[in-house]
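Structure record follows, encoded as structure tokens.
Worth knowing before you read on, the calculation uses all heavy atoms, side chains too, and leaves out hydrogens, waters and symmetry mates. So you know, we letter chains A, B, ... as the sequences are listed, proteins then strands, and number each from 1.
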Amino acid sequence: MLRSTARPLLNSTINARPSCREYHLIKHGSRPVRPGSLPNRVCSAGMATDCAGWHLLGTPREELRLEHTLPTGQSFRWRETGDDEYIGVIGQRVVQIRQLEDDVAWRIIGRAPQAAEAEDTAVLADYFNLSTPLADLVRTWSASCDHFARIQPYFQGARMLRQDPTETLFQFLCSSNNHISRIHGMVERLCSGWGTRLPLTRSDEYGGPAHHAFPTLDQLAAVSEADLRAAGFGYRARFVTGSVARLRALGGEAWLATLRAGPPDVAVAALCTLPGVGPKVAACAALFSLDAHALVPVDVHVLALATRHYLPALRGKALTPALHAQVQAAFVARFGAHAGWAHNTLFISELARYRGRVPGTTRAEEVLLARGSEVAEEVDAGPDACARVVGMDGSDASTGKGGRARRKRKGGAASVASSLVEEQMELAPTTPPQAAA
DNA sequence: TCTGGACCTGA
DNA sequence: CAGGTCCAG
């Protein structure tokens with residue numbers, strides 16, 4: 001279990017360099033701290049002129065890496081403001097957050113009047129889902145999947161956030177048939193246009209753009225389809241106004257929040273009744289905000305990696321709802337109750353801008369793909385790969401074709417795969433992931 | 001069930 | 001074409 005409560009870094013009245021020493025003491029107890037270690041980063045010149053307001057999250061690097069969590073597509077509300085530093089909005093608070101060597105530091109730089117300072121720590125811990133220990137899960141996933149074990153060291157601390165349900169739903173309503181930079185802009189315009197502005201509390205140190213809470217459903221009810229089209233939403237404008245209307249009829253934010261308590265398939269079914277919400281968007285909303293830790297949003301990337309490593313028979317098939325369910329089941333069979341979290345790490349490793357990190361991966365897999373389906377059938381079938389497909393509720397669901405056991409043949413393509421990987425790794429020696437901070 | 005096409009915008 | 005969804009055959 002993580003330390004679930006962040007501790008104050010120092011008293012807000014303390015300022016300047018002496019504060020940094022206090023930082024050392026809090027972080028490391030009475031142990032002496034080497035000069036040049038992480039606290040200097042928090043207090044580095046050009047950033048904060050004092051340490052006031054900074055807190056530690058208490059998350060070692062294997063539990064949380066901002067770089068693998070904030071800009072990787074589960075939220076579009078963070079802006080990178082420096083090297084491993086971000087500013088974003090969590091509920092009614094504007095948060096500045098920075099990656100340290102083996103922890104994460106944060107402070108509140110703006111807030112709504114009703115957002116009590118006493119709850120800051122709890123809000124952060126909740127948002128980062130700190131009650132779920134990632135490192136323990138990673139060990140079990142690595143044991144049950146060779147591919148995961150191979151790529152994971154390069155993507156440590158890829159943690160699932162626990163975002164606000166309404167905000168998450170509308171963020172991913174914007175995501176369909178769209179690319180990340182544009183989604184970012186759409187969400188930004190939705191907030192600045194109709195959300196409540198959050199006053200800065202440290203405006204003397206911050207010269208960036210204004211920040212806004214995500215608009216409430218009541219605020220969104222005032223937005224017309226024409227407004228949204230003017231804001232660049234395209235055909236998704238109708239999805240937004242339609243979903244707003246339907247959500248309000250169903251009971252608004254409170255109704256959406258009740259889906260957290262129920263089973264994930266109920267949440268998905270309910271979400272899919274909203275216009276513009278299909279299996280992918282529903283799974284995103286449920287995994288990123290409704291505690292549905294087992295859910296896997298299956299997009300083209302996830303389908304590609306699933307057919308490559310777990311379900312080779314499905315290669316080339318269209319992404320129908322039925323196929324979505326098969327991929328979902330395969331992930332749960334492989335990774336268990338937190339399959340959605342495991343999927344997140346695998347998903348990041350597929351992103352174009354991260355793919356080069358794992359030596360040999362792309363090349364070896366491309367070669368395998370080129371060798372055709374007969375070989376690919378056997379790739380990475382792994383121990384007990386799909387011998388039993390377990391439903392999300394844990395019940396046996398191996399009645400379909402996804403449940404048939406796959407053969408494991410010695411000297412088959414699996415060994416071809418590993419030899420290819422080794423070959424590549426010889427050509428491009430692995431850099432120690434730890435060094436890639 | 002599954003398939004094909006349309007749908008806004010901009011990188 | 002892009003981290004889909006909807007609608008008709």
Charged N to carboxylate O under 4.0 angstrom, A:R308 versus A:E350?
yes
Provide the closest heavy-atom pair for A:V281 versus A:S175 in the form atom of the first, atom of the second, distance.
CG2-OG, 4.3 Å
Ring centroids only, cut at 6.0 angstrom: are A:Y354 and A:Y154 within range, meaning strictly under it?
no
Sorted by chain and number, sequence neighbours left out, side-chain hydrogen bond (donor to acceptor under 3.5 Å, both in side chains) with A:R77 holds for none
Looking for any heavy atom pair under 4.0 Å, which part of the strands does A:I183 touch: base, sugar-phosphate only, or nothing?
nothing
Nearest whole Å is fine: how far is B:dG10 P from A:I180 CD1?
17 Å
Dot-bracket, DNA chain C: Watson-Crick or G-U, under 3.5 angstrom, [ ] crossing, | other strand?
||.||||||
Name the residue closer to the 5' end of DNA chain C, choosing between A:F347 and A:P275 according to the nucleotide with the nearest heavy atom.
A:F347
Taking any heavy-atom pair under 4.0 Å as a contact, classify A:L323: base, sugar-phosphate, or nothing.
nothing
A:M186 CE to B:dT9 C1', in whole Å, measures 9 Å
Which residue is it: A:V94, A:D120, A:L198? I am looking for the one with a side-chain contact (heavy atoms from CB on, under 4.5 Å) to A:R111.
A:D120
If you define the side chain from C-beta out and look only at heavy atoms, does anything of A:F233 sit under 4.5 Å from A:L190?
yes
Non-neighbouring partners of A:R139 that pass salt bridge (charged side-chain N to carboxylate O under 4.0 Å, His left out), sequence neighbours left out
A:D136
I want to know whether A:Y86 and A:W78 have ring centres closer than 6.0 Å.
no
Under the rule for ring pair (Phe, Tyr, Trp, His ring centres under 6.0 Å), what residues qualify as partners of A:F170, not counting sequence neighbours?
none
Check: A:R182 side chain, B:dC8 base, donor-acceptor under 3.5 Å
yes
Classify the nucleic acid contact of A:P279 as base, sugar-phosphate or nothing, counting any heavy atom under 4.0 Å across all strands shown.
sugar-phosphate
In whole angstroms, the gap separating C1' of B:dA11 from CZ of A:R353 amounts to 15 Å
Closest-nucleotide ordering on DNA chain C, the 5'-leading residue of A:V277 and A:H179
A:H179
Can you tell me how far P in B:dT3 sits from the matching atom in C:dG3, rounded to whole Å?
22 Å
Can you measure A:L314 atom CG to B:dC2 atom P for me and round it to whole angstrom units?
10 Å
Give me the first and last nucleotide of DNA chain C, going 5' to 3', that has any atom under 4.0 Å from a heavy atom of chain A.
C:dA2 to C:dC6
Between residues 224-234 of chain A and DNA chain B, which residues have a heavy-atom gap below 4.0 Å?
A:R229, A:G234
Whole angstroms only, please: what is the CG-P distance between A:L319 and B:dT3?
11 Å
Pick out which of A:R61, A:R357, A:R159 makes a salt bridge (charged side-chain N to carboxylate O under 4.0 Å, His left out) with A:E67.
A:R357
Taking atom P in both C:dT5 and B:dG10, what distance in whole Å separates the two?
22 Å
Centroid separation A:F172 to A:F76 less than 6.0 Å:
yes
Touch class at under 4.0 angstrom, heavy-atom based, for A:G276 against every strand present:
sugar-phosphate
Knowing that exactly one of A:T258, A:T168, A:L169, A:L259 qualifies, which makes a side-chain contact (heavy atoms from CB on, under 4.5 Å) with A:L290?
A:L259
What contact category does A:V302 fall into here, base, sugar-phosphate, or nothing, at under 4.0 angstrom with non-hydrogen atoms?
nothing
Remember a base hit wins even if backbone is also touched, and classify A:N178 as base, sugar-phosphate or nothing at under 4.0 Å, heavy atoms.
sugar-phosphate
